[in-house]
Student: 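My questions will all concern the structure given below.
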Amino acid sequence: MKNLIFIFFVGLFPAQQSWNLQQCLDYAAANHPLVKQATVNIKKNDHQIAASKGMLLPSIEAGVDHSYSFGSSINQSSNQREVLNTQYDQLKAQANIELFNWRNYVNISLSKLNKETSSYRLRRAQNEVKLNVIQTFFIYQNSKSWLDVLETQILGIEEQIKRTEKEVEIGSRSKSDIYDIKANLGTLQEQWVSAKNQRDLAKINLLNALAIPQDSMDFVTNNEEALAEDDFNQADFTKRLLENNPAYQTVLAEIKAQEKTVDLAGSAYLPTLNGSYSWSTFYNKSLNNNASTASFSDQFSQNKNQSVSFGLNIPIFNKFQVKNNVEVAKLNVINSTYDKELIVNNLTQSINSIKAQYLNAQEKYSLLEANFENQKLSFQKSEEKYKEGLMDAYTFFVVRNNWLQANYNLINSKNDVIQQTELLKVLKTGL
């Protein structure tokens with residue numbers, strides 16, 4: 001319900017807004033075309049189940065025939081062939097039912113398994129969409145942070161040039177300080193252009209991951225977001241995440257469905273029992289002027305006919321078609337087990353990779369936190385020295401940029417930890 005309200009307001013206010021990661025994930029999990037396709041497939045499976053159950057019911061049909069006959073025909077009264085012109089009307093109804101066909105029962109079970117598989121495929125699609133959104137989201141955040149650092153550096157160096165020029169005019173600074181600072185301005189501006197392009201491309205990729213065609217919003221992180229801790233030392237950590245993953249659950253459901261297709265193919269070996277009931281009546285009228293014809297109501301009552309029939313069909317030889325179909329179905333089961341092995345290998349690699357990156361990101365973040373504090377203290381001391389004239393402008397510029405770079409590295413490292421945490425969260429919950 002919360003997601004529906006959120007999506008409603010998104011459509012109501014299309015102006016620029018800011019989304020955090022959770023809002024992006026909620027939107028993508030409900031609106032991405034891959035997710036919508038998977039949802040439609042589940043609905044199709046519901047109809048397939050209903051159709052399979054419907055095969056247990058009889059089929060009933062009724063019809064009316066109206067015809068004319070000219071020339072030699074059988075006289076319905078004398079049962080003799082005569083030259084007659086007649087009108088013939090028939091009313092009929094028929095019901096057919098398969099009293100026993102094992103294929104119908106197997107089809108019901110298979111349809112239910114296909115729906116279960118589609119449900120896992122929906123969760124798998126949501127997983128894949130979310131994992132992609134998380135990765136593109138933090139690529140955008142890092143590129144945006146780097147652009148902010150460069151903009152801050154460029155603004156700082158431009159202010160420093162103006163301040164140094166005034167100090168040169170009053171003679172407290174040498175003119176070479178201006179040249180030293182300006183020598184780095186062009187390089188920073190070139191880096192800024194490249195960083196702006198990377199940020200724009202990162203945002204395009206993020207919008208694509210969300211399946212949003214228009215650039216009508218910005219994406220932000222929660223600055224107060226705490227770094228999560230995770231226990232990777234549990235013996236069943238990888239196994240637990242693996243078994244909970246929709247991709248793994250999907251392939252297990254597919255194996256069950258393939259095994260059921262073996263039963264479906266083998267059902268053609270079994271006999272089938274059919275039943276049929278029919279009812280009919282007719283009205284026959286001679287068009288000759290001198291012929292007398294019984295009334296419609298009399299003929300309708302007199303000509304009624306009912307029949308009940310049963311038929312047993314026993315397959316004896318079918319050109320080895322059933323045998324080959326069964327063998328092909330068995331091979332499909334074997335293929336599905338290989339698919340399971342591939343899924344297990346790929347998921348194990350992904351889980352272990354995220355685990356390694358998470359631990360490395362945490363260690364790196366701890367080191368960068370200490371380095372950031374040292375760079376901050378260095379900048380503060382250097383700023384005091386610069387104001388007192390004890391440090392030249394270029395050296396102060398380098399110290400200042402080192403502090404800004406340390407700030408970016410810390411933000412980038414924190415984003416990396418949060419990214420791996422969010423990836424693990426998706427793998428744990430299956431959604």
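All residue numbers in this chain count up from 1 along the given sequence.
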Student: Between D416 and Q420, do the side chains contain a donor N or O and an acceptor N or O under 3.5 Å apart?
Tutor: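 Yes.
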Student: State, yes or no, whether a side-chain contact exists between Q22 and D26 at a heavy-atom distance under 4.5 Å.
Tutor: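 Of all side-chain heavy-atom pairs linking D26 with Q22, at least one is under 4.5 Å.
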Student: For the residue pair L207 and D215, establish whether any side-chain heavy-atom pair is separated by less than 4.5 Å.
Tutor: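 Result yes, sub-4.5 Å side-chain heavy-atom pair found.
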Student: Are there more than 12 heavy atoms of other residues, nucleotides or ligands under 6.0 Å from atom CZ of F70?
Tutor: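 Enclosed: over 12 neighbouring heavy atoms sit under 6.0 Å from CZ of F70.
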Student: Tell me, do T221 and I418 make a side-chain contact under 4.5 Å, heavy atoms counted?
Tutor: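 SC-SC contact between T221 and I418 ruled out.
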Student: Looking at residues at least two apart in the chain, or sitting in another chain, which of them share a salt bridge (Lys or Arg N to Asp or Glu O under 4.0 Å) with E128?
Tutor: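 E128 satisfies salt bridge (Lys or Arg N to Asp or Glu O under 4.0 Å) with R124 once adjacent residues are dropped.
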Student: If we only count heavy atoms from C-beta on, is the K36 to V40 side-chain gap below 4.5 Å?
Tutor: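 Not touching, per the 4.5 Å side-chain cut-off.
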Student: Partners of Y408 by ring-ring contact (aromatic ring centres under 6.0 Å, His included), sequence neighbours excluded?
Tutor: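 Listed in chain order: W146.
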Student: Say you draw a straight line from CD of Q249 to OG of S119; how long is it, rounded to the nearest 0.5 Å?
Tutor: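 If I round to the nearest 0.5 Å, the distance is 11.0 Å.
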Student: Taking the side chain as every heavy atom from C-beta outward, state whether K425 and E422 have any pair of such atoms under 4.5 Å apart.
Tutor: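 Sidechains of E422 and K425: in contact.
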Student: What distance do T337 atom OG1 and E259 atom CD have between them, rounded to the nearest 0.5 Å?
Tutor: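 Separation between the atoms: 9.5 Å.
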Student: For W279, check ring-ring contact (aromatic ring centres under 6.0 Å, His included) against everything at least two apart and list the hits.
Tutor: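 ring-ring contact (aromatic ring centres under 6.0 Å, His included) check on W279 returns nothing, list empty.
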Student: So do the side chains of L188 and Q191 get within less than 4.5 Å of each other, counting heavy atoms only?
Tutor: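 Counting from C-beta outward, L188 and Q191 do come under 4.5 Å.
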Student: Test of understanding: with side chain to side chain contact (heavy atoms under 4.5 Å, CB included), list the residues that count as partners of S278, not counting sequence neighbours.
Tutor: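 Side chain to side chain contact (heavy atoms under 4.5 Å, CB included) list for S278, sorted by chain: Q94, S307.
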Student: Within this structure, what is the OG-CG distance for the pair S353 and L347, rounded to the nearest 0.5 Å?
Tutor: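 Reported to 0.5 Å precision, the distance equals 12.5 Å.
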Student: How far apart are the closest heavy atoms of Y248 and V344, and which atoms are they?
Tutor: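 The answer is CE1-CG2, 3.7 Å.
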Student: Side chains of residues 311-329: which donor-acceptor partners sit under 3.5 Å, not counting sequence neighbours?
Tutor:
residue	atom	partner	partner atom	Å
Q321	NE2	K319	O	3.1
N324	ND2	F320	O	2.9
N325	ND2	Q321	O	3.1

Student: Please determine whether side-chain contact (heavy atoms from CB on, under 4.5 Å) holds for the pair Y338 and L342, giving the CA-CA distance in whole Å, both sets of side-chain angles, and the decisive distance to 0.1 Å.
Tutor: CA-CA 6 Å; Y338 292 144; L342 291 173; 5.6 Å; no
Student: Can you check whether N244 reaches R240 side chain to side chain, under 4.5 Å on heavy atoms?
Tutor: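 In short, these two side chains do not touch, never coming nearer than 4.5 Å.
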Student: Hey, can you pull the donor-acceptor pairs under 3.5 Å for the side chains in residues 52-67, sequence neighbours left out?
Tutor:
residue	atom	partner	partner atom	Å
S52	OG	Q48	O	2.9
S52	OG	S111	OG	2.8
S59	OG	N96	O	3.4
D65	OD2	K92	NZ	3.4
H66	ND1	D89	OD1	2.1
H66	NE2	Y68	OH	3.1

Student: Once side chain to side chain contact (heavy atoms under 4.5 Å, CB included) is applied, do any residues pair with S378, and if so which ones, sequence neighbours excluded?
Tutor: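 Once residues adjacent in sequence are excluded, the partners of S378 under the side chain to side chain contact (heavy atoms under 4.5 Å, CB included) criterion are S382, V399.
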Student: Using the test salt bridge (Lys or Arg N to Asp or Glu O under 4.0 Å), find all partners of D339 that sit at least two apart in sequence or belong to another chain.
Tutor: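 Counting only residues at least two positions away or on another chain, D339 forms no salt bridge (Lys or Arg N to Asp or Glu O under 4.0 Å).
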Student: Looking at CG of N360 and NZ of K355, how far apart are the two atoms once the value is rounded to the nearest 0.5 Å?
Tutor: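 NZ of K355 is found 11.5 Å from CG of N360.
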Student: Please step through side-chain contact (heavy atoms from CB on, under 4.5 Å) for the pair V129 and V35, ending with a clear verdict.
Tutor: CA-CA 8 Å; V129 167; V35 175; 4.3 Å; yes
Student: Return each pair, listed once, that meets side chain to side chain donor-acceptor pair (under 3.5 Å) where at least one residue sits in residues 97-109; pairs must be two or more places apart or across chains.
Tutor: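 Residue pairs with at least one partner in residues 97-109: E98-N101, E98-N104.
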Student: For residues 131-143, run the donor-acceptor check on the side chains, cut-off 3.5 Å, and write out each pair with its distance to 0.1 Å, sequence neighbours left out.
Tutor:
residue	atom	partner	partner atom	Å
T136	OG1	N132	O	2.9
T136	OG1	V133	O	3.1
Y140	OH	D218	OD1	2.6
Q141	NE2	F219	O	2.8
N142	OD1	N415	ND2	3.0
N142	ND2	F138	O	3.2
N142	ND2	N412	OD1	2.8
S143	OG	I139	O	3.2
S143	OG	Y140	O	2.8

Student: Could you grab the distance from atom CG of D263 to atom CG of L110, nearest 0.5 Å is fine?
Tutor: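 Separation between the atoms: 9.5 Å.
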Student: List the atom of C24, the atom of L210, and the distance in Å for their closest heavy-atom pair.
Tutor: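 Heavy-atom minimum between the residues: O-CD2, 3.3 Å.
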Student: Got a salt bridge between D200 and K196, using NZ or NE/NH1/NH2 to carboxylate O under 4.0 Å?
Tutor: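 Yes.
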Student: Could you go step by step and tell me if Y358 and L423 meet the side-chain contact (heavy atoms from CB on, under 4.5 Å) rule?
Tutor: CA-CA 10 Å; Y358 177 87; L423 292 175; over 6 Å; no
Student: Applying salt bridge (Lys or Arg N to Asp or Glu O under 4.0 Å), name anything that partners K115, two or more places apart in sequence or on another chain.
Tutor: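 So K115 forms a salt bridge (Lys or Arg N to Asp or Glu O under 4.0 Å) with D46.
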Student: Please lay out, stage by stage, how K330 and V333 fare under the test side-chain contact (heavy atoms from CB on, under 4.5 Å).
Tutor: CA-CA 5 Å; K330 290 179 179 179; V333 174; 5.6 Å; no
Student: Report the distance from atom CG of L206 to atom CE of M217, rounding to the nearest 0.5 Å.
Tutor: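 CE of M217 is found 9.5 Å from CG of L206.
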Student: What I'd like to find out is whether the side chain of E254 reaches to under 4.5 Å of the side chain of R121, using heavy atoms alone.
Tutor: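 In short, these two side chains touch, coming nearer than 4.5 Å.
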Student: Return the minimal non-hydrogen interatomic distance between I411 and S145, and the atom names on each side.
Tutor: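 For I411 versus S145, the nearest heavy atoms are CG2-OG, 3.7 Å.
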Student: Who pairs with W192 by ring-ring contact (aromatic ring centres under 6.0 Å, His included), at least two apart in sequence or on another chain?
Tutor: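 Per chain and number, W192 pairs via ring-ring contact (aromatic ring centres under 6.0 Å, His included) with no residue.
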Student: Quick check on Q214: does its CD atom have over 12 non-hydrogen neighbours (other residues, nucleotides or ligands) under 6.0 Å away?
Tutor: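 Count not over threshold, so no.
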Student: Within a radius of less than 6.0 Å around CD of Q189, do more than 12 heavy atoms belonging to other residues, nucleotides or ligands occur?
Tutor: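 For Q189, atom CD is crowded (more than 12 foreign heavy atoms under 6.0 Å).
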